[in-house]
Amino acid sequence: MNRLFKNHERIIHAMTDREMVSQLYITQAVLAVLGLLGSFFFLGGWLVPAEMMNPSWASVIIGICAAAVVILADRAVEKIAPDGLYDDGGINEKLFRSCTIPHIAAMTAMISIVEEWLFRGVLQSEFGLAASAIIFSVLHIRYLSKLLLFIMVTAISLFIGILFEYTGSLLAAVTAHFIIDLFFGIQIRLKYVSRGESKSP
């Protein structure tokens with residue numbers, strides 16, 4: 001298992017920024033197809049999670065507040081955790097550092113909709129909160145060899161799942177996921193721009 005993680009890390013490090021972004025889009029396309037198929041086979045219709053959006057300003061505001069809680073908690077953990085435990089191997093940097101801010105916004109919007117549709121709208125609705133959170137965490141394979149990051153991504157998944165159950169609104173979950181990813185994506189981009197390392201993928 002350890003060899004598998006090391007091989008995965010070597011492959012990731014060998015990829016260019018453009019290849020990383022392309023791989024992300026391919027992965028999201030696969031998850032989108034799985035979300036539609038899961039909705040059809042488990043929930044009885046192709047677009048059932050869309051009915052769970054329950055759009056309202058309250059859902060958006062709750063999602064923003066939930067994202068703020070996660071971001072503040074993450075900042076606190078980052079300050080007290082040793083660097084080695086908090087290091088994801090530079091994968092997020094490869095994804096976001098060369099993208100423009102509009103590209104990051106579009107990318108994170110896509111990720112939040114696709115993943116919340118599948119993990120909350122389909123899997124949580126059919127198999128429950130714990131199962132969907134575990135599957136979500138395990139599929140983030142780059143964190144499986146990083147205990148602290150794995151615990152954090154699992155906790156965030158549980159938190160967003162609870163948010164979905166509490167509000168009954170998939171939009172609240174999508175909003176929280178979007179704001180979290182957008183914040184960290186822009187943070188990475190601005191850090192690299194300030195260092196004069198800006199490139200377009």
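These numbers come from a predicted model, not from an experiment.
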*Asks:* With a 4.5 Å cut-off on side-chain heavy atoms, are Ile61 and Thr175 touching?
*Replies:*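 No, side chains not in contact.
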*Asks:* Would you say OH of Tyr25 has more than 12 non-hydrogen atoms from neighbouring residues, nucleotides or ligands within 6.0 angstrom?
*Replies:* yes
*Asks:* Considering all heavy atoms of both residues, which atom of Val122 and which atom of Gly38 are nearest to each other, and what is their separation?
*Replies:* CG1-C, 3.7 Å
*Asks:* Can you tell me how the ring of Phe127 sits relative to the ring of Phe42, calling it parallel under 30°, perpendicular over 60° and tilted otherwise?
*Replies:* perpendicular
*Asks:* Quick check for you: to the nearest 0.5 Å, what is the distance between Ile162 atom CD1 and Leu158 atom CG?
*Replies:* 6.0 Å
*Asks:* Please assess His177 against Ile113 for the test side chain to side chain contact (heavy atoms under 4.5 Å, CB included), listing each intermediate value before the final yes or no.
*Replies:* CA-CA 9 Å; His177 194 153; Ile113 293 169; over 6 Å; no
*Asks:* Atom OG1 of Thr16 and atom CD of Gln23: how far apart are they, to the nearest 0.5 Å?
*Replies:*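 Going from the OG1 atom of Thr16 to the CD atom of Gln23 covers 11.0 Å.
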*Asks:* Going only through I, L, V, M, F, W and Y residues with side-chain contacts under 4.5 Å, is there a path from Ile101 to Ile179?
*Replies:* yes
*Asks:* For residues Val174 and Met53, determine if any side-chain heavy atom of one lies less than 4.5 Å from a side-chain heavy atom of the other.
*Replies:*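 The answer is yes; the side chains approach within 4.5 Å.
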*Asks:* Below 4.5 Å, heavy atoms only, C-beta onward: do Leu123 and Ile135 meet side chain to side chain?
*Replies:*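 A side-chain contact exists here, since the closest heavy-atom pair is under 4.5 Å.
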*Asks:* Relative to Phe96, does Arg189 satisfy both conditions: NZ or CZ under 6.0 angstrom from the six-membered ring centre, and within 45 degrees of the ring's axis?
*Replies:* no
*Asks:* Flag the pair Phe164 / Glu116 as yes when at least one side-chain heavy-atom distance between them is below 4.5 Å, and no otherwise.
*Replies:* no
*Asks:* Please name the pair of heavy atoms, one in Ala105 and one in Phe178, separated by the smallest distance, quoted to 0.1 Å.
*Replies:*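 That would be O-CE1, 3.5 Å.
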*Asks:* Looking at side-chain heavy atoms only, is the closest gap between Ile111 and Leu31 below 4.5 Å?
*Replies:*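 Side chain of Ile111 against side chain of Leu31, heavy atoms only: no contact under 4.5 Å found.
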*Asks:* Give me the atom names and distance for the closest heavy-atom approach of Ser39 to Val48.
*Replies:*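 Looking at all heavy atoms of both residues, the shortest contact is OG-N, 3.3 Å.
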*Asks:* Are Ile62 and Phe183 connected, step by step, through hydrophobic side chains (Ile, Leu, Val, Met, Phe, Trp, Tyr) whose heavy atoms are closer than 4.5 Å?
*Replies:*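 As far as the 4.5 Å side-chain criterion goes, Phe183 and Ile62 are not connected within one cluster.
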*Asks:* Looking at side-chain heavy atoms only, is the closest gap between Met52 and Leu43 below 4.5 Å?
*Replies:* yes
*Asks:* Side chain to side chain contact (heavy atoms under 4.5 Å, CB included), that's the test. Do Asn92 and Phe184 meet it? Break it down for me.
*Replies:* CA-CA 9 Å; Asn92 287 329; Phe184 291 117; over 6 Å; no
*Asks:* Is Val70 linked to Tyr166 within one hydrophobic cluster, defined over Ile, Leu, Val, Met, Phe, Trp and Tyr using a side-chain heavy-atom separation of less than 4.5 Å?
*Replies:* no
*Asks:* Contact between Ile104 and Ile188 at the side-chain level, heavy atoms closer than 4.5 Å - yes or no?
*Replies:*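 Not touching, per the 4.5 Å side-chain cut-off.
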*Asks:* Between CG of Leu163 and OG of Ser59, what distance do you get to the nearest 0.5 Å?
*Replies:* 8.5 Å
*Asks:* To the nearest 0.5 Å, what is the distance between CD1 (Ile180) and CG (Asp74)?
*Replies:* 9.0 Å
*Asks:* I need the minimum non-hydrogen distance between Gly121 and Leu170, along with the two atoms involved.
*Replies:* N-CD1, 3.8 Å
*Asks:* For Leu34 and Trp117: C-alpha separation, side-chain torsions, deciding distance, then whether side chain to side chain contact (heavy atoms under 4.5 Å, CB included) applies.
*Replies:* CA-CA 10 Å; Leu34 291 175; Trp117 180 291; over 6 Å; no
*Asks:* Walk me through it: do Leu95 and Asp17 pass the test side chain to side chain contact (heavy atoms under 4.5 Å, CB included)?
*Replies:* CA-CA 6 Å; Leu95 279 173; Asp17 292 2; over 6 Å; no
*Asks:* Please tell me whether Thr108 and Asp181 have a donor and an acceptor in their side chains that are separated by less than 3.5 angstrom.
*Replies:* no
*Asks:* Rounded to the nearest 0.5 Å, how far does OG of Ser132 lie from CG of Leu118?
*Replies:*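 Interatomic distance, Leu118 CG to Ser132 OG, rounded to 0.5 Å: 9.5 Å.
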*Asks:* Taking all atoms of both residues into account, what is the closest heavy-atom pair of Ile160 and Ala173, and its distance?
*Replies:* CG2-CB, 3.6 Å
*Asks:* Hey, any chance Val33 and Met110 share a hydrophobic cluster, counting ILVMFWY side chains that come within less than 4.5 Å of each other, even indirectly?
*Replies:*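 In one cluster with Val33: Met110, yes.
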*Asks:* Are any of the side-chain nitrogens in Arg97 or Glu93 under 4.0 Å away from the carboxylate oxygens of its partner?
*Replies:*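 Result for this pair is no, no salt bridge flagged.
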*Asks:* Would you call the rings of Phe136 and Phe119 parallel, tilted or perpendicular, taking 30° and 60° as the class edges?
*Replies:* perpendicular
*Asks:* If you round to the nearest 0.5 Å, how far is CG of Leu148 from CD of Glu78?
*Replies:*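 Here the interatomic distance stands at 10.5 Å.
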*Asks:* Would Ile134 end up clustered with Met152 when hydrophobic side chains under 4.5 Å apart are linked, directly or stepwise?
*Replies:*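 No, Ile134 does not connect to Met152 through the hydrophobic network.
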*Asks:* So if I apply the side chain to side chain donor-acceptor pair (under 3.5 Å) rule between Ser157 and each of His140, Gln124, Arg120, which one comes out positive?
*Replies:* Arg120
